[in-house]
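The structure under discussion appears below in the form of C-alpha cells.
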Amino acid sequence: GCTVGEYLKRERLQRARRVLEISDPSTATVTEVALACGFSNPSQFSTAFRRGFSVSPRDVLRRRSG
C-alpha cells in the first residue's frame with residue numbers, strides 16, 4: 001500500500017536506526033550514518049527520522065551505551 005519511493009525511504013530509515021543503535025557515539029556521526037544509508041541531505045534525513053520514529057537520530061546514537 002505504498003509507492004516504491006516510500007518503501008525505499010522506510011527501509012533506509014530502518015537501516016539507519018539499526019546502524020545508529022550499534023554505532024559508537026564517540027566516533028560516529030549522524031551525518032555519516034545518513035550518507036551511508038543513502039540520504040544525500042542530513043537535515044532532511046533528521047526530519048524524516050524524527051517523523052518516523054518520534055525521536056531524533058542523535059538521541060538514538062547517544063542512547064547506544066544506555
Side-chain angles (χ1 to χ4, degrees):
C2 65
T3 67
V4 173
E6 291 168 340
Y7 172 79
L8 291 174
K9 184 176 181 180
R10 188 171 59 230
E11 288 299 310
R12 288 191 321 235
L13 285 170
Q14 290 289 345
R15 179 174 177 228
R17 184 174 186 141
R18 288 191 301 271
V19 171
L20 288 166
E21 288 172 344
I22 64 169
S23 295
D24 183 348
S26 67
T27 58
T29 68
V30 171
T31 298
E32 290 171 341
V33 173
L35 296 174
C37 292
F39 292 89
S40 59
N41 184 318
S43 177
Q44 288 179 344
F45 163 73
S46 292
T47 299
F49 193 95
R50 254 185 260 111
R51 285 183 182 149
F53 301 113
S54 300
V55 63
S56 75
R58 182 173 290 159
D59 287 344
V60 173
L61 182 61
R62 287 180 181 162
R63 286 187 202 156
R64 177 202 170 264
S65 59

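Every heavy atom of this structure was used, including side-chain atoms; hydrogens, water molecules and symmetry mates were not.
Remark: Asn41 CG to Leu35 CG distance equals 9.0 Å, nearest 0.5 Å. Distance CZ/Arg62 to OG/Ser56: 7.5 Å, rounded to 0.5 Å.
Using a 4.5 Å heavy-atom cutoff, the side chains of Leu20 and Phe49 are in contact. With a 4.5 Å cut-off on side-chain heavy atoms, Pro42 and Val30 do not count as touching. At least one side-chain heavy atom of Arg12 sits less than 4.5 Å from a side-chain heavy atom of Phe39.
Placement of Phe45 and Leu8 in two distinct hydrophobic clusters is found when ILVMFWY residues are connected by side-chain heavy-atom separations under 4.5 Å, directly or transitively. Residues Leu13 and Tyr7 do not share a hydrophobic cluster, clusters being chains of Ile/Leu/Val/Met/Phe/Trp/Tyr side chains in contact below 4.5 Å.
Contact between Cys2 and Arg10 at its shortest, heavy atoms only, is SG-NH2, 3.6 Å. Of all heavy-atom pairs spanning Leu61 and Ala28, the tightest one is CD2-O, 3.6 Å.
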For this session: For the pair Glu21 and Arg17, evaluate salt bridge (Lys or Arg N to Asp or Glu O under 4.0 Å) and give the outcome as yes or no after the intermediate values.
Result: CA-CA 6 Å; Glu21 288 172 344; Arg17 184 174 186 141; 3.1 Å; yes
